[in-house]
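Notes follow once the structure below has been shown.
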Amino acid sequence: MHQNYTPKEIEAAAQQYWNNEQSFRAVEPTEKLASADPSKPKYYCLSMFPYPSGKLHMGHVRNYTIGDVLSRYHKMRGFNVMQPMGWDAFGLPAENAAIANNVAPAKWTYANIDAMRAQLKSLGLAVDWSREVTTCKPEYYRWEQWLFTRLFERGIIYKKTASVNWDPVDHTVLANEQVIDGRGWRSGALVEKRDIPMYFFRITHYAEELLADLDTLDGWPEQVKTMQRNWIGKSYGCDVSFPYDKVSTGTEGALKVYTTRPDTLMGATYLAVAAEHALATQAAKNNPALTNFIEECKRGGTAEADMATMEKKGMDTGLFVLHPLSGEKLPVWVANYVLMGYGEGAVMAVPAHDERDFEFAKKYGLPVKQVIAGKGEEGRVKGESSAPHLPFSLLSSLFTTEAWQDSYANKDGVCVNSGKYDGLDFQAAFDAIADDLAAKNLGEKKVQFRLRDWGISRQRYWGCPIPIIHCPTCGDVPVPDAQLPVVLPEDVTVTGIGSPLAKMPEFYQVPCPKCGGAARRETDTMDTFVESSWYYARYASPDCTTGLVDARAQYWLPVDQYVGGIEHAILHLLYARFFHKLMRDVGVFGDVSAAQHNNPSFNEPFKNLLTQGMVIAPTFYREKSNGKKLWLNPAEVNVATDAKGRPTGAVLKTDGQPVIIGGTEKMSKSKNNGVDPQAIIDQYGADTARLFMMFAAPPDQQLEWSDSGVEGAYRFLRRVWVFAHGQADHIKTHGHFDSAALSAEQKSARFKLHEILKQANFDISKNQFNTVVSACMKLLNTLEDFTKHETHAALANEGFSILLRLLAPIAPHITHALWIELGYGADILNAPWPQVDEAALVQDEIDLVIQVNGKLRGNLR
RNA sequence: GCCGGGAUGGCGGAAUCGGUAGACGCACCGGACUCAAAAUCCGGCGUUGGAGACAAUGUGGGGGUUCGAGUCCCCCUCCCGGCACCA
């Protein structure tokens with residue numbers, strides 16, 4: 001028996017044991033998959049799989065520890081647990097590494113996977129490694145390609161042009177991340193928007209279902225559901241057509257816009273179109289200034305955040321349209337804030353009741369016409385309280401910002417200055433104006449979504465090839481099943497200029513599968529979000545060679561608990577939900593009866609969701625002579641404190657000279673504030689790393705890294721070890737328990753133990769693991785205090801068994817070793833979860849708190 | 001800019017339903033042990049005043065509801081995540 005706590009040996013032995021026993025091998029009942037043995041419910045616990053960047057970072061450790069705690073907790077509670085792991089292996093960083101180090105992306109990726117797998121294993125995760133999935137392998141992505149062809153045939157995937165960031169020097173499409181201050185990250189060239197053909201998933205066809213089914217996700221954080229609802233953005237509005245003014249435009253037809261505020265239609269004073277809009281192109285023909293402006297609008301990247309924060313600019317086209325109800329001539333402007341990709345690429349502007357329109361109108365001297373006033377204020381116009389009847393057209397100078405702020409987005413007001421609509425409230429005006437538009441055939445009510453279709457074409461090498469062949473006679477032909485997978489050649493040179501596949505005739509020169517004529521294979525690859533949209537299903541049957549999944553998926557799906565970063569709250573989680581519905585509708589999960597179709601657990605992939613916060617750490621730096629900051633790793637720095645423990649300064653360990661203390665930020669390479677998990681595991685062991693991670697913050701909050709906090713976690717585990725060995729003889733006697741015969745002091749100790757357990761069981765059911773750790777510490781404190789005065793074998797035995805089992809999911813190695821050593825059983829994984837003895841919680845006396853006017857005034861016993 | 005979060009001692013955090021604010025840990029201070037240090041153990045620790053009992057004050061800022069607010073409502077500030085090609 002070891003008297004000293006030696007995590008390295010203890011952890012290696014425990015991992016060896018689990019490996020030999022295949023403790024985490026997840027097995028589905030073999031007969032009647034769909035109606036599995038109800039006595040052992042299944043629990044599929046999934047953590048978001050890592051991108052194989054090369055090294056584990058603290059975010060991974062946190063993510064996988066949370067998943068592991070949940071897995072082990074459920075295993076001890078009698079669930080049939082499956083916890084898989086895999087690799088989100090396609091993506092941009094592999095190409096960047098290829099350019100920087102002249103190594104093929106495949107080689108780099110596989111080496112990283114090997115390194116990170118070893119690191120993950122050292123954490124002692126209860127993972128079934130036989131289910132490992134790697135998305136860059138043909139046996140995985142061939143089924144993605146298969147699904148693509150089915151969806152293409154069904155029209156769920158279609159082709160259209162879309163804007164991308166174009167680097168005119170490197171002749172390469174750039175990701176938003178690669179555009180820095182409007183310039184290409186490598187070339188430094190000003191980036192421009194370029195329209196290219198791309199394949200799209202028609203996710204908008206599922207918008208209604210994706211929105212409605214959020215209501216069935218009781219196990220998701222409200223915050224995430226709200227974000228998804230807003231992202232999908234269902235709105236009730238009107239299509240409105242503004243007929244062209246024939247004199248200025250020389251054409252028939254109308255300019256179509258969508259608005260959620262048809263009640264303000266009488267206040268429209270101009271229209272704005274995107275730079276790419278046909279009307280803008282027409283107006284620019286004989287207008288060099290407008291041509292220049294349109295060119296200017298096309299400069300810069302495609303990121304929405306940039307669009308929304310840039311200075312609003314516009315230019316008059318000189319063209320007019322007619323107001324559909326009043327017939328008034330309204331000018332048409334080109335504006336850089338109108339996006340061609342949204343709706344119709346044109347908007348009606350109501351400066352009096354829209355903040356952005358108001359700023360624009362003020363800047364360019366366009367008229368502002370108020371048409372909504374607060375209830376009871378009809379007949380007078382805000383900002384001019386003494387003037388009951390101003391002319392309909394107000395200049396912006398008469399219309400103060402404050403007055404506008406009061407009323408601009410006011411749906412509680414009533415119409416003014418709106419002719420026959422005066423006095424109508426929002427809903428009445430909405431209906432009346434929509435009816436009048438419909439009668440004139442110039443508009444109708446319409447439900448619209450903010451959600452846009454998902455463009456998945458990437459002009460990049462390291463991704464899943466799009467299984468399409470372009471034939472001059474047959475058009476876009478999906479690759480037939482027999483020719484799948486379209487294998488991505490792995491031995492390539494990546495230069496960062498253009499797409500490697502487009503330079504490989506041996507890849508793209510192919511015969512047409514339909515007519516046999518010469519054709520060209522698509523050289524774009526898919527967005528890596530596609531792979532991560534269905535991997536959760538693949539884990540159920542990772543070796544399946546007949547489809548995406550087989551019948552085993554019916555047993556394991558849906559995922560019972562999904563764990564991952566909050567940064568995935570919208571895109572990844574929405575795409576995966578979408579994919580689940582696609583797979584269902586293609587029949588991937590087998591024939592779906594109507595009853596199953598209405599079953600939420602069949603329509604959604606993730607029953608419960610836990611979004612974890614980031615891992616952050618302090619930053620330290622020195623100013624270099626050129627004014628730039630030299631970031632120093634926290635491990636290289638000593639922080640000095642005053643007598644009260646407040647930090648007074650910091651010095652570099654190597655030279656003893658001062659460094660500047662920066663903010664506490666997300667661990668990153670750029671700020672050099674990352675702490676290598678491997679170093680922590682090597683020094684203190686995986687149990688300490690896991691314990692600290694779980695203790696330092698609740699899972700959904702940010703976690704601040706602290707070296708001394710890690711030491712504290714280590715100290716606690718050592719105390720557990722020392723206590724166990726000091727008390728081993730008593731604990732092992734397993735004395736008979738007679739709760740009625742306990743002394744007052746023994747009763748009080750047992751009360752404390754069960755009171756702590758009760759709280760801990762409540763906390764763990766809420767995923768609040770930090771207070772579960774705290775409970776373990778309290779249990780040890782209680783046991784230590786108690787055994788100072790007396791020994792009671794049965795009580796020590798019971799108390800310590802509670803402590804070990806409560807701690808087991810968090811620090812599995814040490815608890816595994818002690819459970820066996822103290823003779824509790826062969827394997828703590830098979831031990832039952834500790835239960836509160838309510839009899840222990842009966843109290844003879846209580847504290848009574850006296851409050852007077854809400855203030856504490858006394859305490860009675 | 002838009003959407004979603006967050007803010008509690010020197011620090012991380014706790015407070016389940018609106019009812020004793022600061023559990024648990026870290027840091028720090030004092031003591032024991034030691035030739036000494038480390039480790040360990042014991043004690044203290046929001047702020048202000050007081051020798052003390054105690055009193056006042058205190059959960060980012062301002063206002064409100066309530067017998068009573070960290071918790072509910074309104075306004076504001078700062079920080080973080082996402083914004084469709086980072087994953």
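Side chains included, hydrogens not; waters and symmetry mates left out as well; all remaining heavy atoms used. Residue numbers begin at 1 in each chain, while the letters A, B, ... track the order of the sequences.
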| request: May I ask you to decide if A:Gly613's main-chain N or O and A:Asp700's side chain share a donor-acceptor pair within less than 3.5 Å? | output: no

| query | For B:G25, does either OP1 or OP2 sit under 4.0 Å from a side-chain N or O belonging to A:Ser774? | reply | no

| message | Under 4.0 Å, counting only non-hydrogen atoms across every strand here, what does A:Met526 touch: a base, just sugar-phosphate, or nothing? | response | nothing

| said: Heavy atoms from C-beta onward define the side chain here; which of B:A15, B:C2, B:G82 lies closest to that of A:Glu355? | reply: B:C2

| note | Relative to its sugar, using the 90° cut-off around 0, the base of B:G50 is anti

| Phosphate-side-chain proximity, A:Arg715 and B:C26, N/O vs OP1/OP2 below 4.0 Å | yes

| message | Please classify the nucleic acid contact of A:Leu451 as base, sugar-phosphate, or nothing, using heavy-atom distances under 4.0 Å. | response | base

| query | Any side-chain N or O of A:Asn770 less than 4.0 Å from the OP1 or OP2 oxygen of B:C24? | reply | no

| message | Measuring to OP1 and OP2 of B:G25, would you say a side-chain N or O of A:Asn781 lies under 4.0 angstrom away? | response | yes

| message | Heavy-atom count check: over 12 atoms from other residues, nucleotides or ligands less than 6.0 Å from A:Lys159 NZ? | response | yes

| message | Checking contacts here: which listed nucleotide (B:C83, B:C24, B:A27) is nearest the side-chain heavy atoms of A:Ala305? | response | B:C83

| Does A:Arg718 have a side-chain nitrogen or oxygen under 4.0 Å from the phosphate oxygens OP1 or OP2 of B:U40? | yes

| field | Listed nucleotide nearest any side-chain atom of A:Met227, set B:C80, B:C3, B:A87 | value | B:C3

| message | Heavy atoms from C-beta onward define the side chain here; which of B:G5, B:C86, B:A84 lies closest to that of A:Ala303? | response | B:A84

| task | Would you mind telling me which of B:G82, B:C24, B:G13 lies closest to the side-chain atoms of A:Pro698? | result | B:G13

| query | If only side-chain N and O atoms of A:Asn176 are considered, is one of them under 4.0 Å from the OP1 or OP2 phosphate oxygen of B:A84? | reply | yes

| request: Write down the distance between CD (A:Gln701) and P (B:C11), rounded to a whole number of angstrom. | output: 16 Å

| request: Look at the side chain of A:Ala697 and decide which nucleotide, out of B:G13, B:C11, B:C80, has an atom nearest to it. | output: B:G13

